Undergrad: 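Once you've had a glance at the structure underneath, I'll fire off some questions.
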Amino acid sequence: MGAVTGTGIDQTGNDTTSDTDASDGRQTRRLVVAIAVAAVLVATIGLLVGRLGPRTSEPWSGTVLGSPVTLPDVTLTDTSGQPFNLRDDSAGTTTILMFGYTSCPDVCPINLASLGSALEQLGPNRSSSIRVVFVSVDPGRDQAAVVRDYLDQFDQDFIGLTGSAADLRAAQEGVGVDRAELGATGEDGFYEVGHASAMYAFNPDGRARIAYPFGTRQADWTRDLPRLLDGEQPA
Amino acid sequence: MTDERVTEDDGPVGGSDDRSGEATESGGPWSRVVVVIAALVVVGAVAAAVLGRADPGAPPAISVTDARAGERVGTTLAVYLTLSNEGGPDTLVAAGSPDAARVQAHGTDEVGMMRASSELDVPAGADVRLEPGGTHLMLEGVGRSLAVGDTVPIELEFDRSGSVTVDAQVVPLESLVEDRPG
């Protein structure tokens, strides 16, 4: 009996101790479960807010400009011979502007093809709201018909412009890009033209907050263009 | 004298013993480590110099891979490829193609300004990549209509390796930037 009592006391003591341990363990488990549930809830809410709310934190494929660029008030000539004022005739439309020349082997065709295939992928409803303006900085070779034929190989809706050396200079300075340089003429009369390779995305208000460098892929465009069309702006 | 000697002897001997003991315990291993490291550095430097030196006498071993061209849209066409040289240094001095009036190496700098270069160095052990937006071979006066899947033969003339011919695959223009990061 004594031993039993003793054992009982011991057991009671042990039980008490283990009871405390168990309740501590249970509390800890409850705490862990509560934390886990809270974490899941927070994550879920966060995801929902991220999905449904403004996606301002989502990164842009293009390069966000430190200060916005405004379309310059410069009038060039389009491929049908009509005057085209960069500022006035782009107002109200999302406009992708780039400089180039039709004899360009590397940068221009890749830029135009990637953008063109992205627009194709977006479908006519959305792509018809985006205007692509290609300014040839090589008026010596790029007559209206040459530019038209060239652009038609990418998209017949692409607008081709060129102008006098002075107007082209004003256009490039207005957008804030390096002025194109004509290279040395080779034995066969060919010369190359160094020019800015980035494409500027102007909003309907005529201001660009993002530029797309050479190397922008079709997938980059299809990610950013709908956001630009929806009026989303970089923070 | 004897005392003095003993004292002197004991002193220096004891001192030197202590010092050598200290040296063995602390300075000794360190100086050995330093010597070993120094030796390794010297050996490594010599080995690197010997192995890595562009031996002007070694024959170049150039292979050309990943040759591709965008679809033709104007009269010019860019060809991109990789020149791998597992031998001594060489230089690309000329290029040509039966499909073009002229082929020239062009470099494009960060702001997209193209620079013509008459020669292109292919250093010993180097991979020289001609990539979109960078250096490329520009084909002028491309007469033939080229579609995706066609090949454009490119003849490369090296200073030491002589002539190497490669077929560039015509690929969709937009695919040329697809594998770029970002």
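Here the structure is a predicted model, which is why all the values come from computation and not from measurement. So that the names make sense, note that chain A is the first sequence line, chain B the second, and so on, each numbered from 1.
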Undergrad: Non-hydrogen atoms of chain B under 4.5 Å away: do they reach the side chain of A:Q218, the backbone, both or neither?
TA: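 Both the backbone and the side chain of A:Q218 come within 4.5 Å of chain B.
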
Undergrad: Please classify the contact between A:T102 and chain B as side chain, backbone, both or neither, with a heavy-atom cut-off of under 4.5 Å.
TA: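 A:T102 touches chain B through backbone heavy atoms alone.
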
Undergrad: Can you tell me if A:D106 uses its side chain to pair, donor with acceptor, with the backbone of B:P132 under 3.5 Å?
TA: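 Answer holds: no.
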
Undergrad: Taking atom CD of B:E140 and atom OG of A:S103, what is their separation to the nearest 0.5 Å?
TA: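 One gets 9.0 Å once the value is rounded to the nearest 0.5 Å.
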
Undergrad: Which heavy atom of B:A78 sits nearest a heavy atom of A:P105, and at what distance?
TA: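 For B:A78 versus A:P105, the nearest heavy atoms are CB-O, 3.5 Å.
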
Undergrad: For A:Q143, does the CD atom have more than 12 heavy-atom neighbours from other residues, nucleotides or ligands under 6.0 Å away?
TA: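 Result for CD/A:Q143: enclosed.
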
Undergrad: Is it the case that more than 12 heavy atoms not belonging to B:E157 sit under 6.0 Å from its CD atom?
TA: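 More than 12 within 6.0 Å, yes.
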
Undergrad: Which atom names give the shortest non-hydrogen contact between A:A113 and B:L173, and what distance separates them?
TA: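 Scanning both residues, the minimum pair turns out to be CB-CB, 3.4 Å.
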
Undergrad: Side-chain contact, heavy-atom cut-off 4.5 Å: B:M138 with A:F190?
TA: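 The answer is yes; the side chains approach within 4.5 Å.
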
Undergrad: Taking atom CZ as the centre, does A:R207 end up with more than 12 heavy-atom neighbours from other residues, nucleotides or ligands that are less than 6.0 angstrom away?
TA: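 Incorrect, the count does not exceed 12.
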
Undergrad: To the nearest 0.5 Å, what is the distance between CD on A:E192 and CD on B:Q104?
TA: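 So the CD of A:E192 and the CD of B:Q104 are separated by 7.0 Å.
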
